[in-house]
2 protein chains.
Amino acid sequence: MVPLTAREHAALDRLEERERPLRRGGALVREKDIGGEMFVLREGTMMSSVLLDDGSRQILRFLFPGDLLGMSSLAYGEAPETLTALTDCMVAPFDRAAIANVVAEHPRLAALIMVYNQIERAALTDRLAALGRTSAKARVASILLEMRNRQRMVDPQLGSSFALRLTQEEIGDATGLTAVHVNRMLRQLEEEGLIAREAGRMTFINERGLAREANYIDRYVGLDLSWLPPAQ
Amino acid sequence: MVPLTAREHAALDRLEERERPLRRGGALVREKDIGGEMFVLREGTMMSSVLLDDGSRQILRFLFPGDLLGMSSLAYGEAPETLTALTDCMVAPFDRAAIANVVAEHPRLAALIMVYNQIERAALTDRLAALGRTSAKARVASILLEMRNRQRMVDPQLGSSFALRLTQEEIGDATGLTAVHVNRMLRQLEEEGLIAREAGRMTFINERGLAREANYIDRYVGLDLSWLPPAQ
DNA sequence: CGCATACTTGAGAGACGTCAAGCCGAGTGG
DNA sequence: CCACTCGGCTTGACGTCTCTCAAGTATGCG
């Protein structure tokens, strides 16, 4: 999005110099963990979630390569959310001192982290509005669009057919529904000719109609970075 | 929270040098507004909300003195949310160049803005989990606790009795409920001896029980700022 | 081949929404 | 001072969306 200087590139490379693999299903951070480590997701798909004390789970966000994980450590000693791998992943851990260094030495990178925070915030508020004010069908449709669009940022030639890689229970935990009802909503979307499914593969038959159903907004377009401070 | 240097104080004062009053009910920013102004809320209570295209509204967050408003301008050219005054307010506008200057000149203040973003993020994810996975009664209870705790940060001697200053419709728009159902939930909380109400005044009779009902977490405690870079 | 995990479908229940009516207090204008 | 309106609160009856429970069907894996 923004051409970086050699010094900025070097600073980012230092954040990512260590690598750590993570198995599908593995937890990178659990709620209330202490340690304050943060990560760059390099490969794979993850999710962040919270557990309520009746045992139910709310998935907050799906994470894709390039995302920053665990930034809540900047404010809290205990992790407020769990980070789990949906597929085999590679992450690059770094600590808060590394962020302190970036902020002190690379103001433009610090500003880009703030931009990242705002994009994530907008995505969270979109889901908040979806949970509060839209129907089950709309919420499921919006998860489908979100997963495809975010996968497409990693693989730009991804078309209208893709591997969702979520169980119906995970879709339910993201949308505030039960797995049973997610199933019914998927079938309805299928019967209405909006999507098709075969063996975990999802195909958008009528993407326009799906987006209309879902009220979906892509928060990775419409960015305006003209204000960034000069590189240093 | 953190003792600031004279230079840092001066930089913050520069952000707040202009002041602008706002009447109860007035809109400071509307969705899709262009302009990218941001604000510090100095006095009063505000809310941020989005409108869905069926006309329903979701309130995302309530805002209190000291809060930063409209930071989404850091990422977007168009405002993604509306900012409305719940009471008469005073705000201090600043522009993105001011943020660029803070980031370039005052790394520790930049880091504090990141901390602020993470606190806000945690509050949003709490509400997300509440909407997705808790009952109507729990959501209403959690709004009551949130409003009291945040008012108490402005006025530390505020006790268990306070002016809520929200209509039942506003509570509904924040919790994803109808005003009618909010009314029923308030009455239930009252009948269970958790709260009392008289003429817009709310009193917590059994705060412990209310917090248990609500699953409420105060996101302004448990902060860990030990990592901040040195002042410059 | 047996087991676990995920998906599918039906029937019935419950939480929350919709519609409608009435009430109350604060302005406001005659 | 009194009608009048208006926004907000309250309550009942009824409808519907989503959940729960339960059973059955793939699919993959040791």
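All values reported here derive from a predicted model rather than from experimental measurement. In what follows, chains are A, B, ... by sequence order, proteins preceding strands, each numbered from 1.
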Distance check needed: [N] [atom2] versus [X] [atom1], whole Å only.
X      : N      : atom1 : atom2 : result
A:D54  : D:dC19 : CG    : P     : 13 Å
A:Q188 : C:dT9  : CD    : P     : 12 Å
A:R165 : C:dT5  : CZ    : C1'   : 19 Å
B:E169 : D:dG7  : CD    : P     : 11 Å
B:H181 : D:dT11 : NE2   : C1'   : 14 Å
A:L186 : C:dT9  : CG    : P     : 11 Å
B:L131 : C:dC16 : CG    : C1'   : 14 Å
B:R24  : C:dA26 : CZ    : C1'   : 12 Å

Non-hydrogen side-chain atoms of A:D126 and A:Y216 separated by less than 4.5 Å
no

Heavy-atom side-chain proximity of A:E81 to B:R121 below 4.5 angstrom:
yes

Below the 4.0 Å mark, does [N] have OP1 or OP2 next to a side-chain nitrogen or oxygen of [X]?
X      : N      : result
A:N183 : C:dC7  : no
B:R187 : D:dT10 : no
B:R197 : D:dT10 : yes
A:T178 : D:dT18 : no
B:Q168 : D:dG7  : no

Of C:dT18, D:dG8, C:dG10, the nucleotide closest to the side chain of A:V180 is C:dG10

Without swapping roles, check the side chain of [X] against the backbone of [Y] for a donor-acceptor pair under 3.5 Å.
X      : Y      : value
A:R42  : A:V91  : no
A:T175 : A:I171 : yes
B:R148 : B:F162 : no

Quick one: label B:G176 by what it contacts on the DNA or RNA (base, sugar-phosphate, nothing), any heavy atom closer than 4.0 Å.
sugar-phosphate

Tell whether A:R139 reaches the base of D:dT18 with its side chain through a donor-acceptor pair below 3.5 angstrom.
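Not at all, since no donor on one side and acceptor on the other fall under 3.5 Å apart.
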
Looking at A:R184 and D:dT20, is any side-chain donor or acceptor paired with a base atom of the opposite kind under 3.5 Å?
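Such a pair is found, so the answer is yes.
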
